[in-house]
Amino acid sequence: QVQLVESGGGLVQAGVSLRLSCAPSGEMYMTYTVGWFRQTPGKEREFIAAITWRGGKTKYADSVKGRFTIFRNNAKSTIDLQMNNLEPTDTAVYYCAVDIRDRVQLTTWESEYDYWGQGTQVTVSS
């Protein structure tokens, strides 16, 4: 069993940066994948980025490549999502999730993630 807690959301202006953290508790294996998704009202959850718990392989959605960086924060034992140059279209509830399968390629499919956090709201004003 894995529990996830997201933090770091807030209300910011367009163009600034924000860092989200995902803190897992419970048994985490190096082969697990931690992913970040986001959701706006009336829409399905959108894949943003993923990384192995080991901190090696990463994968990004095209919509955030070059602006967002996912990485393992060893000092805090969290998976962080550094979001730069935020845009109003980044406004959403951001969720982290864990996929417990050892995959050759990190998955972007919401249905393949086993554990989810409660989410943290990010609002970007213009």
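- Here the CE atom belonging to Met83 is positioned 4.5 Å from the CG atom belonging to Leu18, to the nearest 0.5 angstrom.
- Applying the salt bridge (charged side-chain N to carboxylate O under 4.0 Å, His left out) rule to Lys65 yields the partners Asp62; only residues at least two apart in sequence or on another chain are considered.
- Summarising the geometry of Phe37 relative to Thr108, their closest heavy-atom pair is CE2-O, 3.7 Å, with the distance given to 0.1 Å.
- Shortest non-hydrogen contact noted between Ser17 and Asn84 is OG-OD1, 2.9 Å.
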Going through the distances and angles, do Leu106 and Tyr60 end up as a side chain to side chain contact (heavy atoms under 4.5 Å, CB included)? CA-CA 10 Å; Leu106 307 187; Tyr60 293 92; over 6 Å; no
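- Distance CG/Asn73 to CD1/Ile79: 8.5 Å, rounded to 0.5 Å.
- The heavy-atom pair separating Leu20 from Val122 by the smallest distance is CD2-CG2, 4.0 Å.
- Annotation: salt bridge (charged side-chain N to carboxylate O under 4.0 Å, His left out) contacts of Arg54 (sequence neighbours excluded): none.
- In this structure, CD1 on Ile70 lies 9.5 Å from OG1 on Thr52, to the nearest 0.5 angstrom.
- Cluster membership for Val34 and Tyr113, using ILVMFWY side-chain heavy atoms within less than 4.5 angstrom, is not shared.
- Panel note: side chain Asp102, backbone Thr31; no donor-acceptor pair is recorded below 3.5 Å.
- Formation of a donor-acceptor pair under 3.5 Å by the Thr120 side chain with backbone atoms of Gly9 is found in this model.
- Atom NZ of Lys76 is surrounded by more than 12 heavy atoms from other residues, nucleotides or ligands within 6.0 Å.
- With respect to Arg72 and Asp80, no salt bridge is recorded, no charged nitrogen being found less than 4.0 Å from a carboxylate O.
- Side-chain N or O atoms of Glu6 include one that pairs as donor or acceptor with a backbone N or O of Gly119 at under 3.5 Å.
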Can Trp36 and Glu46 be said to form a side chain to side chain contact (heavy atoms under 4.5 Å, CB included), step by step? CA-CA 9 Å; Trp36 279 98; Glu46 174 192 12; over 6 Å; no
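- Distance check: Gln118 CD to Gln3 CD gives 11.0 Å after rounding to the nearest 0.5 Å.
- Taking CH2 of Trp53 as the start and CE of Met30 as the end, the distance is 8.0 Å to the nearest 0.5 Å.
- Once rounded to the nearest 0.5 Å, the distance linking OG1 of Thr58 with CZ of Phe71 reads 12.5 Å.
- Donor-acceptor pairing under 3.5 Å is lacking for the side chains of Asn85 and Glu87.
- No donor-acceptor distance shorter than 3.5 angstrom exists from the side chain of Thr69 to the backbone of Gln82, with no hydrogens or angles considered.
- Closest approach of Met28 and Val2 over heavy atoms only: SD-CG1, 3.8 Å.
- Taking every heavy atom of both residues into account, Ala97 and Leu4 meet most closely at CA-CD1, 3.6 Å.
- Counting heavy atoms from C-beta outward, Thr33 and Glu112 have side chains that stay 4.5 Å or more apart.
- Donor-acceptor pairing under 3.5 Å is lacking for the side chains of Thr107 and Gln105.
- Here the closest heavy-atom approach between residue Ser126 and residue Pro88 is recorded as CB-CG, 3.8 Å.
- Annotation: cation-pi geometry satisfied between Arg45 and Tyr95 (NZ/CZ under 6.0 angstrom from ring centroid, within 45° of ring axis).
- Leu81 and Phe47 fall into different hydrophobic clusters, where Ile, Leu, Val, Met, Phe, Trp and Tyr side chains are chained together by heavy-atom contacts under 4.5 Å.
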